[in-house]
Structure formats: C-alpha cells, structure tokens
K.L.:
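I am attaching a structure below and will ask some questions about it afterwards.
Each chain gets a letter, A, B and so on, in the order its sequence line appears, and its residues count up from 1.
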Amino acid sequence: MKLLLIGHPNVGKSVLFNRLTGANVTESNYPGTTVDYTKGYMQIDGEEVELIDVPGTFSLDPKDKAEEVAVKMLKDNEDSIVICVIDSTKIERGLYLALEIIEMGYPVVIALNMWDVAKDKDIEIDLQRLRELLGVPVVPTIAVSGWGVKELVSKIKDAKPRDISKIESKVEGTS
Amino acid sequence: MVKKLKDMKFGKKAIVRGIDDELKSKLAGMGIRVGKELTFKTKQPIDGPVVVEVNGSTTSMGIGMADKIKVEVID
Amino acid sequence: MECEIDERWKLVDRIAEETVTYGDGKTTLKDAIAELTVKPLTGLPIALAVLYGFWSFFSAFAGFFTDGFFVRLFDNHWLPWLQGVFPGKGSWYYFILVGDPAAGNSFEAFGMLTSGLFVAIGIVLPAITAFYLYLIILEDSGYMPRLAVLIDTLLHKIGLHGFAIVPMILSLGCNVPGVAATRTLQTKKQRFMMITLLAIFIPCGAQLGVIFSLIPEFAGIILLYLLIGFIFFGFILHKVIPGKSPEILIDIPPYRTPSLENVSKKLWVRTKGFFTTAIPFVLLGVGLVNVLYLGGVIDWLAEALGPLLTTWFGVPKETVGPLVAGFLRKDLAVAQLSAIEMTKYQLISSVVLVNLYFPCIATFIMMMKEGSERGVRGVLEILGGSLLVLATVLFIWGGLLHLIWIMMGVA
Ligand SMILES: Nc1nc2c(ncn2[C@@H]2O[C@H](COP(=O)(O)OP(=O)(O)OP(=O)(O)O)[C@@H](O)[C@H]2O)c(=O)[nH]1
Ligand SMILES: [Mg+2]
C-alpha cells in the first residue's frame, strides 16, 4: 500500500508527514515550502506503508515546476491511496481539488486540517452530512497538535474509489 | 457599478462579474470565481500588485491580471 | 472542458452550501498586523524595521558568542596549547595542520586546526545560528509572502516577480535551498535568471557572517554594490533572454505564531547540516590551499593571474590563495582575505570578487541537478548559460569597482 499527501500549498501536508513518519521535512508558513517529494514509512496495523509528501498544487494543471512534481507523483502512483489535505478555512477550493482526484479514480481520504483555525473563525462544518454526500472518509485534524491524526490513520483502510455521479445524485436528491 | 478590479478603491467590497477565459481556471483554483464577494485590500504603487480577500483567504495578483477581472462594487 | 470545470464548481458550491456555515469571524490582532504589513505606506517602513531588527539581532548574538567566547577560547587556550604540543615544527604537516608557529592569534595562523576550526566554529557557526534563527521566524510567521507583495513592483521590472524573494531570502541562508526554491517560479526564463543571479550576487549566511564579523564597516557598501549589480544585470538578462515573465499570483497565509518546537527543530536540522557538510569543507579548504602553497601552485597561479588581478581588478596577487579556497567555501575565502595586507578599497574589491567569481561547489552541484531533469542538454544549458553570464558579470562588475576607485583617486 502506498499513500500520497496531496493538497493546496501551505495546508499542513508536511506537518502531517513528519508526524506520521517521524521525518524532518521543512514546515513553513508560506506556500511553496516543499518543492520536491519525500518518501517516508509508517506502520498501519502492523503493516509497513510508504507515505509520500508532495509539493502543494492549486490544480492538476501545473503552473510551475513544484506543481509539476505534484501532478507527476499522482500520475506515477496510480495504485496509491490519496490523503487529500484541505484547509478547513478554505474548504470550497479544497473540495474542488478533492473532487478532481476522486474523478480520476483514486481512493481518497479527506483530512480537514487547520480545524482549530476554522473554530476560531466560527466556521461550522457539518461533518456527518459531508461524509454522506461525498461517500469518502472525512476526518477533522489539527496537524500541529496531532489532534485527529490517529482517527485519520484508522480511516485510511476505508478509502475506496467513488463514482462522481453518485456524489452528484446524492447532492441532487437532497434539494 | 461594474468596473475593473484594478480600478477599485481600498476597503471596498464587490462581486466578481467576469474573468477572462485564460485566467478563469487558474484563479478559480485559488478561490476567486464569478459570483464571489471580494474585498479590495491594497494596491502597491507604480503598477504593483493588488491584494484581495475572498472567503477569508487573501490573494495577491499582478496588475495585469486585475485588469482582466470585472467586478460590481457593492459598498 | 470548460463546462466540466463549471459543473464541478457548481457541485462544490452545492456541497458547501449544505455543510458549511461561516460565522462572523472577528478581526483579531493578527488580521490587523496582516493589513499593516502589506499596505505600502506602513509595509515598507516595517520591512526596513525587520531588516534593521535582523542586523541588531545578528550583531548582538554573533558578537556575544564570537568576541565574547570563541575568540578567547581559541586565542588564549587552543592556539598556544596546540603550538606547544604539536610535533614537527617546520615540517610540511605542521604547516598544513597548525600553520604559522609564531602566529599570535588563531585567525592568522592559517592551519587547518587553527584558522580552519576557528573560522568554522568561532565565526561562522554563531553567525549562521543567528541567521537561521531569524530566517526561520520569518518563514514560520507568514511574513515572507507579504514581503513578496511589497517587492513585486521592483522585481517584476526585471522579469521576475515578488515571489522570487523566497529563493532570494533562502539563498541568504545558503544558496543550495535557494536554487531548489526557484521551482516555484513559472517559466524557464524566470528560473534561469533567478538561479544565475542568486549564484552570482547573493552571499550566503556563512559568508555574510564572516563579513559582518570581520569587516563590519564595509558590509554596507559591499552589499549595496552587489544589490545594484543584481538589479542591473537582472534587467539586462530580462531584455536579452527570450521567454515569458508572468506576473505574481500568490496566496497569502494568515500570520501564525512560530512554535518553539518547529523553530528549534528546524534550527537543529540546519545547524547539524552545517556541521556535517560545511565544517569538513572549511577544513578541507584550508588544507587544500596549504598543500597548494607547499607545492608552489599558489605562487605559480599568483604570477600567472597577477597581471589580471592587479591591472583589471585592482587587487593584490596574494588574493589568489583565498580565491582558490573560495571554490570550496566562500566564508573561508573572505576570512583569509581579511588577513592579507592591502588597502581597504582593495579589500572591498576582493570580497566583491569572491562573491561574484564562482558559486561554491555545493551550489554548483545543485545547479547541475536542477538542469539534469532535462537531461544532458539541461545541464549544459544551465551551466553554459550561467557561466557565460558569470564571466561577463565578473569582468564588468569587478572591473567597474576598480574604475570607481581609480576615479575617486584611491586605487
Ligand atoms: N493552526 C494550525 N496551523 C497548522 C496546522 N497544520 C499546519 N499548520 C501550519 O501551517 C503551515 C504550513 O504547514 P506545512 O506543513 O509546511 O504546509 P504544506 O502543505 O506542506 O505546504 P507546501 O509544502 O507549501 O505545499 C505551517 O506554519 C504549520 O505550522 C493546523 O492544523 N493548525
Ligand atoms: Mg510541504
């Protein structure tokens, strides 16, 4: 099993990566900190799993070399599970990227990171409903403190490919 | 009143009404889309970049891009 | 395709409508600072204050450790002890390892274990520790993207854009991560320009540290001359090199309070990196130059290059030794220069030369690596291109400084 950390720049992928693998890749508060991928290893239920920290990207249509690396990692690792990291305070654009990746057929787990910041800004997210609509695991996390990370890991095995039209009809059906 | 983003005044809010096709998807990825409300934060002198806030996230773009976005000022 | 994109956004909007409610997030102190630091009227003075803050912090921190501790340790204890116990005074190995047996301070002894260790640990280590600490706080606070916005106007005029400040600032720590960070620039033209300019004009933290510690009175003029060169040659490269120069488009994160955990972890990782990669190179550099001295190579080079150095650049031919050392470590080269007998104008010129003339070996390798993604051709392009620019800049900018001194009547 192979895991990829994909998401917009500066959402906390590298913090999560360090936490999960014990590595020391650079974490900084500006977009574009990570410009190349890093591989690491972690244990899930006694099995050794490869986890890859990837540069952030705003879309799957890369505009610079760092984003190219991100898209290439996705294309080169078609058998992997994607942990899509979203900044909870910027959930819409994060969901857009997540939907794109789901459409490509990857099994996806969504980490709603920066949950603490969203709380501070009084942003409320109906997790239950979001899980229903998307049909993929959605876990709130605070990467810097480690809150929610255990649950995130426990949900990885529940990730499976999801048909986008199913999401569409779920959404249609409710309104 | 519809005008170009680059002609907005500091602190004003507006609704995005149009974005040139070439920029559309690039800006959308960053959260700036037609129909979204934005706040004009600052503009740097001598044709420097502008700073806008949309949905609580702040983006800076060159004046050339701000020239290709139409907005309707609401306040 | 277009339609597909719109459709996906519509889906996102529907999902968000149902699941997300935005409260009226209150404006916090951080938001207020966020505005002040990016508005031109307040932002520019704040940027200057940040720079000044760096200078004060650096002087206090590095001064405290270097002058207050390491100078005493090395000069009063280490050097006399080593000179006393080390066997074989007058032999070649004594010369290489300890250097001048009569030297009164570690700095002028020129041995691997005297000057080498002193420069590496006594001068550069405190300097880069101070440097990294400040840099890490800049990185973690979220200030860098704001600086990018403020500087964009200037940098866009030379074909880059504001975000190029990130590779520039990282280069001030060390050019190697600086070169890697050029990947966030959009076009090949911008990346080539940035890599070339930073390899030529931006001194690394170690080198700056030595300049600040040993010749602080000239630091201002040296940096100013390099900065003007950066902008001037940037402008020319922009005109000469074909390709696109897209505008800035960046996300500005909120300010965050740097966590002690992350700051200390990064500081540790980088300082450790310095110990494992830089210190061996400094020692090697001293050793190499000493071996070349013993073999007569330095004297031969000094004779061969002497006319060029003295007539064109206006620096004494003794600067050859440090220039050779500079291939390995520029910090070492600057330190060795400051020990050579010459006028202050010649010293300024020679430190500028060390900066311009060749990227250190680690940067050079990193440049090759960046090119290598496009195969042999990529490597040749980046090296050929950069070296060509470098040679041109070296002659023009190095020679011009000599000309300036001549016109001022001081050369
Ligand atoms: N408050 C808060 N800050 C966080 C959280 N996760 C990450 N951060 C901070 O967000 C910043 C970005 O984290 P990184 O891990 O470097 O982001 P990244 O996604 O790897 O970014 P790129 O490498 O640029 O793509 C850092 O300053 C982190 O300390 C979180 O859950 N809460
Ligand atoms: Mg990262």
K.L.:
Any salt bridge between Arg33(B) and Asp13(C), counting N to O under 4.0 Å?
P.N.:
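Yes, Arg33(B) and Asp13(C) are salt-bridged.
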K.L.:
Evaluate whether atom CG of Leu154(C) has more than 12 neighbouring non-hydrogen atoms of other residues, nucleotides or ligands under 6.0 angstrom away.
P.N.:
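Check passes, neighbour count above 12.
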K.L.:
With respect to chain B, which residue among Asp251(C), Leu44(C), Leu41(C) yields the maximal number of heavy-atom pairs within a distance under 4.5 Å?
P.N.:
Asp251(C)
K.L.:
What closest approach, in Å, do Val38(C) and Thr42(B) show between heavy atoms, and which atom pair accounts for it?
P.N.:
O-OG1, 3.9 Å
K.L.:
Is the number of heavy atoms from other residues, nucleotides or ligands under 6.0 Å of Leu48(C) CG greater than 12?
P.N.:
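Yes.
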K.L.:
Might you point out which heavy atoms bring Ile46(B) and Lys157(C) nearest each other, and give the distance in Å?
P.N.:
O-NZ, 3.8 Å
K.L.:
Considering non-hydrogen atoms only, spot the tightest contact between Lys39(C) and Lys41(B) and give its length.
P.N.:
NZ-O, 3.6 Å
K.L.:
Would you say Lys265(C) has more than 12 foreign heavy atoms packed within less than 6.0 Å of its NZ?
P.N.:
yes
K.L.:
Give the member of Gly35(B), Gly31(B), Pro49(B), Ser57(B) that has the highest number of heavy-atom pairs under 4.5 Å with chain C.
P.N.:
Pro49(B)
K.L.:
Examine whether an atom of Leu27(B) lies under 4.5 Å from a heavy atom of chain C, and if so say whether it belongs to the side chain, the backbone or both; otherwise answer neither.
P.N.:
side chain
K.L.:
Tell me, which pairs form a side-chain hydrogen bond (donor to acceptor under 3.5 Å, both in side chains) where one or both residues lie in residues 228-250 of chain C, sequence neighbours left out?
P.N.:
Lys189(C)-His238(C)
K.L.:
Considering residues, nucleotides and ligands other than Glu261(C), do more than 12 of their heavy atoms fall under 6.0 Å from its CD?
P.N.:
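No, CD of Glu261(C) has 12 or fewer neighbouring heavy atoms, counting only those of other groups under 6.0 Å.
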K.L.:
Determine, stepwise, if the pair Gln44(B) / Val149(C) fulfils side chain to side chain contact (heavy atoms under 4.5 Å, CB included).
P.N.:
CA-CA 8 Å; Gln44(B) 303 295 318; Val149(C) 173; 3.7 Å; yes
K.L.:
Pick one of side chain, backbone, both or neither for Leu150(C), based on which atoms fall under 4.5 Å of a heavy atom in chain B.
P.N.:
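It is both, since atoms from each part get that close.
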K.L.:
For the atom pair CH2 (Trp9(C)) and NZ (Lys36(B)), what is the distance rounded to the nearest 0.5 Å?
P.N.:
8.0 Å
K.L.:
Can Thr153(C) and Asp47(B) be said to form a side chain to side chain contact (heavy atoms under 4.5 Å, CB included), step by step?
P.N.:
CA-CA 7 Å; Thr153(C) 314; Asp47(B) 284 346; 5.9 Å; no
K.L.:
Any side-chain heavy atom of Leu249(C) sitting closer than 4.5 Å to one from Met30(B)?
P.N.:
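A side-chain contact under 4.5 Å exists here.
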K.L.:
Compare all side-chain heavy atoms of Ile250(C) with those of Thr59(B) and state whether any distance is below 4.5 angstrom.
P.N.:
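The answer is no; the side chains never approach within 4.5 Å.
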K.L.:
For residues 2-12 of chain B, give me every residue with a non-hydrogen atom less than 4.5 Å from any non-hydrogen atom of chain C.
P.N.:
none
K.L.:
Taking C-beta and beyond as the side chain, do Pro254(C) and Thr58(B) meet within less than 4.5 Å on heavy atoms?
P.N.:
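No; the side chains remain at least 4.5 Å from each other.
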